[in-house]
Protein chains: 2
Amino acid sequence: MGWVDEIAELGGLQAADRDRLNREARRISVPAGTTVFGPGAQAENLIVVLRGAVRVQHVSDSGRQIVLYRVHAGQTCIMTTACLVAHEAYSAEGVTETAVEAVMVPRRAFDALLGSSAAFRSFVFDAYSRRITDLFLLIDDVAFQRMDIRLAQRLLVLAGGAGSVAITHQQLAAELGTAREVVSRLLQEFRRRGLVSSARGEIVLEDAPGLRRLSEAG
Amino acid sequence: MGWVDEIAELGGLQAADRDRLNREARRISVPAGTTVFGPGAQAENLIVVLRGAVRVQHVSDSGRQIVLYRVHAGQTCIMTTACLVAHEAYSAEGVTETAVEAVMVPRRAFDALLGSSAAFRSFVFDAYSRRITDLFLLIDDVAFQRMDIRLAQRLLVLAGGAGSVAITHQQLAAELGTAREVVSRLLQEFRRRGLVSSARGEIVLEDAPGLRRLSEAG
DNA sequence: GCGCGTTTGGTGACATGGTCACAGACCCGG
DNA sequence: CCGGGTCTGTGACCATGTCACCAAACGCGC
C-alpha cells in the first residue's frame with residue numbers, strides 16, 4: 001500500500017497515523033473530465049490528490065464561470081470540504097482535468113488525526129493557507145487588474161513551458177471570469193502585436209518574453 | 001477572569017482548555033481606528049474578538065482598496081494569521097471599526113489546544129468555513145455583479161436597520177473596490193429615483209424596500 | 001464673523017470591459 | 001457533398017474605470 005506512505009511523506013506523518021489512514025481511508029481513481037463534487041453534494045471526506053489535478057470553479061447564476069484554484073498532487077480540497085460541511089450554502093464545483101488518483105479520509109479519521117498528529121495539523125493548515133492566499137490574489141486580480149494582463153498571465157501558466165495552449169476562447173473566458181467576446185478581442189490585439197498566433201482551439205505563443213513583459217506591466 | 005468563559009462559551013471548551021487559556025493568553029483592548037495588523041506584520045497569535053469589530057481589507061498597488069470581510073465578536077482573524085505565518089507573501093490589513101477587546105492566543109497554546117480539544121478544533125474550522133464562504137461570495141460579487149446592486153446591498157448592510165449611514169463616497173468606494181466617481185454617479189441615480197437622499201458624509205435611505213428590491217434584482 | 005486650506009462631491013471626456021445580435025469559418029457524421 | 005453544431009469575428013451599445021478639473025461644504029485659526 002504505497003499511497004499511505006505517499007501521503008505520509010507529503011504530510012510528514014508518524015507511524016501510528018499511517019496505520020490509522022491504512023485502516024480508514026479509501027483510495028479512488030477517476031478519469032479526466034469528471035465532476036467530483038458540485039452544488040449540493042455533501043462532502044463527508046477529506047480528499048487528498050495523489051496524481052493529477054482538480055479544477056475548482058464557480059458558476060454564477062447568469063451562467064458565467066470563473067476558476068477559483070486548482071488542486072494538484074499533494075494538495076487537498078479541504079476548503080471546499082469544510083465549507084460544504086459547515087454551511088453548504090455555496091456552490092462550487094470540482095472537475096478533474098486529468099486522470100486523478102486520490103484518497104478520501106472520512107470525517108472521523110480526519111478529526112482524530114488532527115488531534116493526534118501535529119504534522120497532520122501542519123499539513124492541513126498549510127493547505128488552508130495556500131488556498132486563502134490563492135483566493136486573496138484572485139480577488140485582487142478580478143477587482144483591480146486589467147484583463148489583457150490577466151489573459152497574458154493565464155496563457156503563460158497554461159502553456160507551462162510549452163509553446164502553445166490547446167484551449168478555446170470560451171474556456172479561456174471561463175478561466176478568467178469574463179466573456180468570450182472579450183477574450184476574442186484581446187487575442188486579436190495580441191495577434192496584431194505578434195505575441196501569439198492562433199488556430200481553432202489553439203493559441204501559439206509566438207513571443208513568450210513579450211507576453212511576460214506585458215503580464216508584469218500591471 | 002470572565003473572558004476565558006466568554007471564549008469557552010463561544011467555542012464550547014472544556015475546563016482543562018480554559019485553564020490553559022487562562023495561563024497563556026493575553027487580553028488586549030484597542031480603540032477604534034487602530035491598524036491591528038498590516039503588510040509585513042508577523043502574526044504569532046490567534047486573535048479572538050470579544051467586543052467590537054475589525055475590518056479586514058486589501059490595498060492594491062494602485063492605491064485602490066476593497067473590504068474582504070469583517071471580524072465580529074466571537075470570531076477570529078485566523079485566516080490572516082495562518083496566511084501570514086505560513087507564507088507572509090500577501091498584504092491585507094486589519095483596522096478596528098469600533099473599540100475592540102480581544103484575546104491573543106500564542107501559537108504554542110493554539111497548537112496544543114487544537115490537539116487536545118475537539119470543541120476548539122470545531123471552533124477553528126467553523127471560523128475558516130465562514131471566511132471562505134465570505135471570500136467565495138465576494139469573488140462572485142466582484143466578478144459578476146452589477147455595481148448598482150452591490151452598492152444597494154452594501155448600503156442596507158451598513159445601515160443595519162437604521163435609516164441612514166454616515167459614510168463618504170470615497171469610503172463606500174473602498175468598501176466595494178471601485179472608484180469614488182462611480183459611487184457618486186450611482187448615488188445620484190439612486191437619488192433621482194427617490195431611493196436615497198444625501199448630505200455631506202451621510203446617506204439617508206428614503207426607500208429601504210425599494211433598495212432591497214434593487215439589491216435582489218441581480 | 002472671516003479667510004483659507006482641506007475634504008467632499010459633481011461633471012465631462014475618454015478608455016476598457018460586458019452584453020447582445022448576428023455572420024462566417026471550421027469540423028464531423030451521414 | 002450536405003447539414004448541424006461548434007468556434008471565432010464583428011459592430012453597436014451599455015456599464016464601469018480613469019483622468020482632469022471645479023465647486024460647495026467644512027474645520028480652524030484669527
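These values consider heavy atoms only, across backbone and side chains, with no hydrogens, waters or symmetry-generated copies. In what follows, chains are A, B, ... by sequence order, proteins preceding strands, each numbered from 1. These numbers come from a predicted model, not from an experiment.
- Nucleic acid contact class of A:Glu181 (heavy atoms, under 4.0 Å, all strands): base.
- The side chain of B:Met147 lies closest to D:dT16, out of D:dT16, C:dG9, D:dC7.
- When all heavy atoms are compared, the tightest approach of A:Ile203 to A:Ser198 is CD1-CB, 4.2 Å.
- Of the candidate nucleotides D:dG9, C:dT7, C:dG18, C:dT7 has the atom lying nearest to any side-chain atom of B:Arg200.
- When heavy atoms are screened at a 4.0 angstrom cut-off, A:Thr178 is found touching the sugar-phosphate backbone but no base atom.
- Contact annotation: B:Arg64 reaches the phosphate of D:dT18 (side-chain N/O to OP1 or OP2, under 4.0 Å).
- A sub-4.0 Å separation between OP1 or OP2 of D:dG9 and a side-chain N or O of A:Arg191 is present.
- Using bins of under 30°, 30° to 60° and over 60° for the plane-to-plane angle, the ring pair A:Phe125/B:Phe110 lands in the perpendicular bin.
- Contact annotation for A:Arg150: no contact, since no heavy-atom pair falls under 4.0 Å across all strands.
- Between A:Gln171 and D:dC7, a side-chain N or O to OP1/OP2 separation shorter than 4.0 Å is absent.
- The shortest side-chain heavy-atom distance between A:Val105 and A:Ile47 does not fall under the 4.5 Å cut-off.
- Between A:His169 and D:dT6, a side-chain N or O to OP1/OP2 separation shorter than 4.0 Å is absent.
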